[in-house]
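Right, one structure below, let's go through it.
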Amino acid sequence: RTTNNPVQLKDEGNKHFQAGDIDLAIECYTKAIKVCKDKKVLAVIHRNRSACYLKKENYANAASDASKAIDVDAADIKALYRRCQALEKLGKLDMAFKDVQRCATLEPKNKTFLETLRRLGAEIQAKLKTTFSTDSRVQNMFDILLDEEMEKDKREKAANNLIVLSREDAGAERIFQNNGVALLLNMIETGKPEMILAAVRTLSGMCTGHKARVSKENKSRKVIMAVDNEEIALATCNLFQCINDSLTGGDTREYGKEEALVMDAAKDLKTILLSLLEMLTSKKVSGHGRDQALNLLSKNVPRRDKKEKNHSRTLFTIDHGLKKILKVCGQVTELPDQLPLTENTQLIASVLLNKLYDDLTCDPERTNFKDICNEYIKSKIDPNDMDKTIHAINTISGLLQGPFDVGNALVGQQGIMEMMVALCGSEREVDQMIAVEALIHASSKMSRASFIITNGVSLLKDIYKKTKNERIKIRSLVGLCKLGSAGGDDYSLRQFAEGSTEKLAKQCRKWLCNPQIDTKTRKWAIEGLAYLTNDADVKDDFVEDEPALKAMFELAKSKDKTILYAVACTLVNCTNCYEKKDIIPELVQLAKFSKQHVPEQHPKDKKDFIEKRVKRLLKAGVTSALAVMVKADNAILTEQTKELLARVFLALSENPRDRGTIVAQGGGKALIPLALEGTDAGKVKASHALAKIAAISNPEIAFPGERVYEVVRPLVSLLHTDRDGMQNFEALKGLTNLAGYSEKLRVKILKEKALPEIENHMFEEHDQIRRAATECMCNLVTCKEVQDRYLEDGNDKLKLLVLLCGEDDDELQIAAAGALAMITAAQKKLCSKMTQVTTQWLEILQRLCLHTNPNVQHRGLVIVYNMLDSDDSELAKKLIESEMLEILSVIGKAADNPKRQEPIDTARTCLVKAMDLGLIKPFTSPS
């Protein structure tokens, strides 16, 4: 029944309100407001709906409804008091105070009004006091900070106070109102690192989630990124991230009414993107600043998830900044007048280019990207200006390390290859160096490198023989290595004459160990080894050369992170943990018959050789190098590199005896991030290595502190049926070990939904997996949640546990009977349920109690004791009337025997219990 009569609707709303059905009441009042023409009735309805909103804690609407009633009748006391309550909740104490003052004037004897009046008065006083003191504190801090004469420790203290204050909303507001931004900029302009750091961190605090403040602070950023100090660059990067999150809603906390003050967040975001892009090519910005600007673009411009439709930020960045990113890629640090860079800048720029190109959704967008690159390169190539030309070639190198297709298309264009060849023959070292590096990057994907192989090999050999310059010699050598390793680890596909690969590798190791050569060049020696170690002879020689291994690990730990991929590839090759194609014997016969190529395995790629290599690597300290590599920034540590590191870890942890070494060098902790993010294959490999370590080490040592809780999820992920048996088995072993450590870990394992998976594996045909799952369950049954599952009806869980006690496998019986003994002690109901789930229960129990292994026997006897103690007199009687009494008597009457003392004692306890229950008469001691 619907009505359009406002009075009827209002009355219906009142009924709902009285019944406590607030949502329906609001619905009726809202309908009534739409159709009501009478001002006075309308005021009453608004006042009533205001009461509903107060109940729903929707204070802004409550206040606005009450105001509409007050507009009609300024002395509407109910509406005034409702508005007062709403305003107080909204923090507008002074306005609320005025409303309740009106109420008290209209009804001077009303106690509620007088009490509220007194309370609000006191609150306003207190607030004024703190605001005043906060203001003076803020002022005071700035005075100390900007006073040149003040002692250093006082200034540091003031700086820290300011940072803390900026993180509270009220404090940030005070700093903002007290001309704080300008004062913070003064601090930045002093140019002193500690002042800049304090100011930047304070700005970060103030910007978190506050759009109105953010807009004003956009002006302040150019200065900061110019400082050549890594810590400051990081702090500033964090500031940008806060600002960006506040504007894009990446920071999803609720900030109330302030949201409305900034109309155009998109405009501010564009300002930020433009200022970041401007910074890329500004000479004032330091190398660290440039890295962080590139990192911010990498993190915030491409979509995090391809399902999102909107990739306008990527398109905006390509339109306004692609050429700027290309300029960074093409910088040649050896030339005068270049931008300040760190060792990592150009690789981070390549990664960003790759992410932007990946984020494009259709061919026209990709063509546009390629056209901009093409245009940029063409505008730089100038036969009369070598510096501009090598800038262009170096930019192509950057593209080849990023979106390879784009770079590859450019190399294939007319004139580019000829230009590289000409540069290789140039007098200037830097020209040769850039050209050789570009050749190397161009020959990445073997299938496309045929053009380079035909032209490149002779060219590079020529340079290698003629040049006196070590730096160029190394680079041309790497090019040769790369082209020479086209066959992968296939022994029969070697490009070079027998023995020459080892010679090249020896040369690389020599360079690697020579500290006189600059890091950038030694890095190329590792690049060379990354290719040459496809050859098993080279692997073996390399791991025997401990100084070379140690030199590589030291470089892997250095600030130059561009080396990570090459080190990871080398380690993957040395430990043979790359994807292997299975060779099927029938197909080999067929291939030989049809004169097809058959891949062959090198004798040194057999298992015992690999094990020796792993030992060597561990001895040289590979784990601590890996632990440092894992911590690198995501912009450089790509998902592919993470997968390679995970593969290496898995290969290293193959032998249980080596796992202690890995743990001692921090390998346990380092694996956790690899198991949580990366490619799917990488995460599985890392999780598997974690399982191997968790299975045999003390979790508190392997994964110190809270880390151990992060290990649970990767292990549980290996229990799924689509993982292989070895992974299932080792994950169960690891979880068993963790579950034995603490209640908190057991709860975490259950929370990750491991229980159904463990139960499935208890049904496994495979003996070892079934045993491991039962052992894991045995360590979990002390949890209430697990006991409840066994108490539920309608499943075979308890039956399975009883039947597993009857299997012919001591270890399985120990686990199953142990679980049953603990669970029947904790839940007496299960003793009688146990006898209902299978008719074989008594026979199985008797076999346990007669078992030759005292561990199995002891657990069986504990179950018997639990049944006698279960308050089920029928069950106790049934047990004692069976052969069980004879079994108990035989065991209990035996002479003491230290090897079997536990079962003997338990049997005697059972007999005493049976006497207490009056089921047997006390027996006289044997004469």
Side-chain angles (χ1 to χ4, degrees), residues 343 347 350 397 400-401 404 436-437 439-446 449 452 456 460 473-490 493-496 500-513 517 519-543 545 548-558 560-579 602 605 610 613 616-617 620 622 625-626 629 632 636-638 640-648 651:
E343 311 86 341
L347 186 62
S350 292
S397 276
L400 287 164
Q401 291 172 80
F404 187 86
V436 173
E437 283 184 16
L439 271 174
I440 294 172
H441 292 307
S443 57
S444 283
K445 304 244 163 110
M446 284 327 299
I452 305 265
L460 289 168
K473 220 180 177 66
I474 286 190
R475 286 166 173 76
S476 52
L477 172 85
V478 173
L480 288 169
C481 299
K482 205 165 180 180
L483 297 170
S485 69
D489 65 346
D490 180 355
L493 256 192
R494 294 171 143 197
Q495 301 278 338
F496 295 149
S500 61
T501 333
E502 282 103 299
K503 265 190 227 143
L504 291 177
K506 196 171 173 190
Q507 187 57 57
C508 281
R509 299 203 311 268
K510 213 165 90 190
W511 278 321
L512 184 56
C513 294
I517 300 178
T519 316
K520 220 173 170 185
T521 309
R522 286 166 68 200
K523 184 178 89 192
W524 280 102
I526 298 182
E527 291 269 350
L529 287 164
Y531 294 104
L532 292 171
T533 46
N534 273 312
D535 182 314
D537 289 312
V538 173
K539 301 179 201 188
D540 244 41
D541 293 345
F542 182 40
V543 295
D545 183 348
L549 282 182
K550 286 194 162 152
M552 176 168 89
F553 297 154
E554 280 316 304
L555 280 175
K557 293 179 191 174
S558 69
D560 181 350
K561 297 296 175 200
T562 53
I563 202 166
L564 296 183
Y565 185 70
V567 175
C569 289
T570 309
L571 290 171
V572 163
N573 285 339
C574 289
T575 52
N576 286 51
C577 55
Y578 34 74
E579 280 299 321
H602 191 292
D605 276 332
I610 299 172
R613 289 202 285 269
R616 291 271 174 181
L617 287 168
V622 64
L626 288 169
M629 290 162 76
I636 288 184
L637 189 67
T638 55
Q640 275 60 44
T641 313
K642 281 185 191 163
E643 180 183 324
L644 295 177
L645 296 179
R647 285 173 182 278
V648 174

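Here, residue 1 is the first one in the sequence, and each next residue gets the next number.
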Evaluate side-chain contact (heavy atoms from CB on, under 4.5 Å) for L564 paired with L645, printing each intermediate quantity in order.
CA-CA 10 Å; L564 296 183; L645 296 179; over 6 Å; no
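- A donor-acceptor contact shorter than 3.5 Å is absent between the side chain of R475 and the backbone of E437.
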Just do the side chain to side chain donor-acceptor pair (under 3.5 Å) check on N534 and K539 with the steps written out, would you?
CA-CA 8 Å; N534 273 312; K539 301 179 201 188; over 6 Å; no
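- Between atom NZ of residue K510 and atom CD1 of residue I517 there is a gap of 9.5 Å, rounded to the nearest 0.5 Å.
- The nearest pair of heavy atoms linking A525 to L512 is CB-N, 4.2 Å.
- The shortest non-hydrogen separation linking A551 to R522 is CB-NH2, 4.3 Å.
- Here CG of L532 is found 11.5 Å from CG of D537. Values are rounded to the nearest 0.5 Å.
- Atom CD of residue E554 and atom CG of residue L549 lie 12.0 Å apart, to the nearest 0.5 angstrom.
- Although no hydrogens or angles enter the test, the distance criterion places a donor-acceptor pair under 3.5 Å between the side chain of T570 and the main chain of A566.
- Listed here is the closest heavy atom pair of V478 and G528: CG2-N, 3.7 Å.
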Verify side-chain contact (heavy atoms from CB on, under 4.5 Å) between L617 and T575, making sure each step is shown before the conclusion.
CA-CA 9 Å; L617 287 168; T575 52; 3.6 Å; yes
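- Note that the OG1 atom of T641 and the CD atom of E643 stand 10.0 Å from one another [nearest 0.5 Å].
- Remark: E343 pairs with no residue by the salt bridge (charged side-chain N to carboxylate O under 4.0 Å, His left out) rule, at least two apart or across chains.
- The distance from atom CD of Q507 to atom CG of L529, rounded to the nearest 0.5 Å, is 11.0 Å.
- The pair D541-K506 does not count as a salt bridge, with every side-chain nitrogen at least 4.0 angstrom from each carboxylate oxygen.
- Legend: residues meeting ring-ring contact (aromatic ring centres under 6.0 Å, His included) with W511, ordered by chain and number and at least two apart, are absent.
- Looking only at distances, a side-chain donor or acceptor of R647 sits under 3.5 Å from a matching main-chain atom of C577.
- Within 6.0 Å of OH in Y565 there are 12 or fewer heavy atoms belonging to other residues, nucleotides or ligands.
- At least one donor-acceptor pair closer than 3.5 Å links the side chain of N573 to the backbone N or O of A530.
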Apply the test side-chain contact (heavy atoms from CB on, under 4.5 Å) to residues R613 and F542: give CA-CA distance (whole Å), side-chain angles for both, the deciding distance (0.1 Å), then the verdict.
CA-CA 9 Å; R613 289 202 285 269; F542 182 40; over 6 Å; no
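- Here CG of N576 is found 3.5 Å from CD1 of I610. Values are rounded to the nearest 0.5 Å.
- Nearest heavy atom pair, residue H441 against residue F404, reads O-CE1, 3.6 Å.
- Minimum heavy-atom separation, L571 to L626: CD1-CD2, 4.0 Å.
- Minimum interatomic distance between K561 and A556 (heavy atoms only, all atoms of both residues): NZ-O, 3.9 Å.
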